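Please read the structure below before turning to the comments.
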Amino acid sequence: FLYDYLPRLLKLILCLVQQVMDGKDSDVFARFKELLFKGFLAVRKHKNVFVTVLKIMAEGTDFPCFAKKKAVEDFSNRFCHGKPDSALRAHVDDLVKKSVGNTRTRLYDNFQYFTNGIL
């Protein structure tokens, strides 16, 4: 599940951004985005290790997350390897923009709350 679906969005609920980070226009939020970008840069340096581990995990398994033949390739592409840092920054900015207050995240959180009492 983690490798095929989850990384397309971050869980950035609106109240976290507004109350903890002081809103989308704050210095704290800008710092968060900068650190997230630097984290992507750091992880990208080790992309081959992560992809190799994933290939080993995918070998001969019937886990649903590996059912899609391109799961490992799609995971690898999320590192934006071989692209300039500016493209990675644009990717991170887009990821954050799509994630803040995302309707699907809010609906899933409500579902978890009403069915399982998880807040």
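Nothing here was measured: the structure is a model prediction, and the numbers come from that model. Only this structure's heavy atoms are used, side chains among them; waters, hydrogens and symmetry mates stay out.
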### Worked verdict on F40 versus H91 for side chain to side chain contact (heavy atoms under 4.5 Å, CB included)
CA-CA 10 Å; F40 267 77; H91 171 71; 4.1 Å; yes

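When every heavy atom of V20 is checked against every heavy atom of V28, the shortest pair comes out as O-CG1, 4.4 Å. Nearest heavy atoms, V92 versus K33: CG1-O, 4.4 Å. Nearest approach of F37 to D85, heavy atoms of both residues: CE1-O, 3.6 Å.
For the pair H81/S76, no side-chain contact is recorded, criterion being any heavy-atom separation below 4.5 Å from C-beta on.
In this structure, the side chain of S26 engages the main chain of M21 through a donor-acceptor pair within 3.5 Å. No donor-acceptor pair closer than 3.5 Å links the side chain of T61 to the backbone N or O of A58. Distance alone, capped at 3.5 Å, is enough to place a donor-acceptor pair between the S99 side chain and the L95 backbone.
Atom NZ of K24 has 12 or fewer heavy atoms from other residues, nucleotides or ligands within 6.0 Å. For CG of N116, the number of neighbouring non-hydrogen atoms (other residues, nucleotides, ligands) closer than 6.0 Å is greater than 12. Annotation for N110: atom CG counts as buried by contact number, over 12 foreign heavy atoms lying within 6.0 Å.
Linking ILVMFWY residues whenever their side-chain heavy atoms come closer than 4.5 Å, directly or via other members, places V72 and M57 in the same cluster. Linking Ile, Leu, Val, Met, Phe, Trp and Tyr residues whenever their side-chain heavy atoms come within less than 4.5 Å leaves F50 and I56 in two separate clusters. Using a 4.5 Å cut-off between side-chain heavy atoms of Ile, Leu, Val, Met, Phe, Trp and Tyr, with links allowed through other members, V53 and F63 fall into the same hydrophobic cluster.
Ion pair D94/K98 flagged as a salt bridge, since at least one NZ, NE, NH1 or NH2 atom sits closer than 4.0 Å to an Asp/Glu carboxylate oxygen. One finds no salt bridge joining K55 and E73 here, because no Lys/Arg side-chain nitrogen approaches an Asp/Glu carboxylate oxygen to under 4.0 Å.
Atom NZ of K47 and atom CZ of F75 lie 10.0 Å apart (nearest 0.5 Å). In this structure, CG in D109 is found 11.5 Å from CZ in F114, a value given to the nearest 0.5 Å.
At least one cation-pi condition fails for R44 and F79: the charged atom is not both under 6.0 angstrom from the six-membered ring centre and inside a 45 degree cone around its axis.
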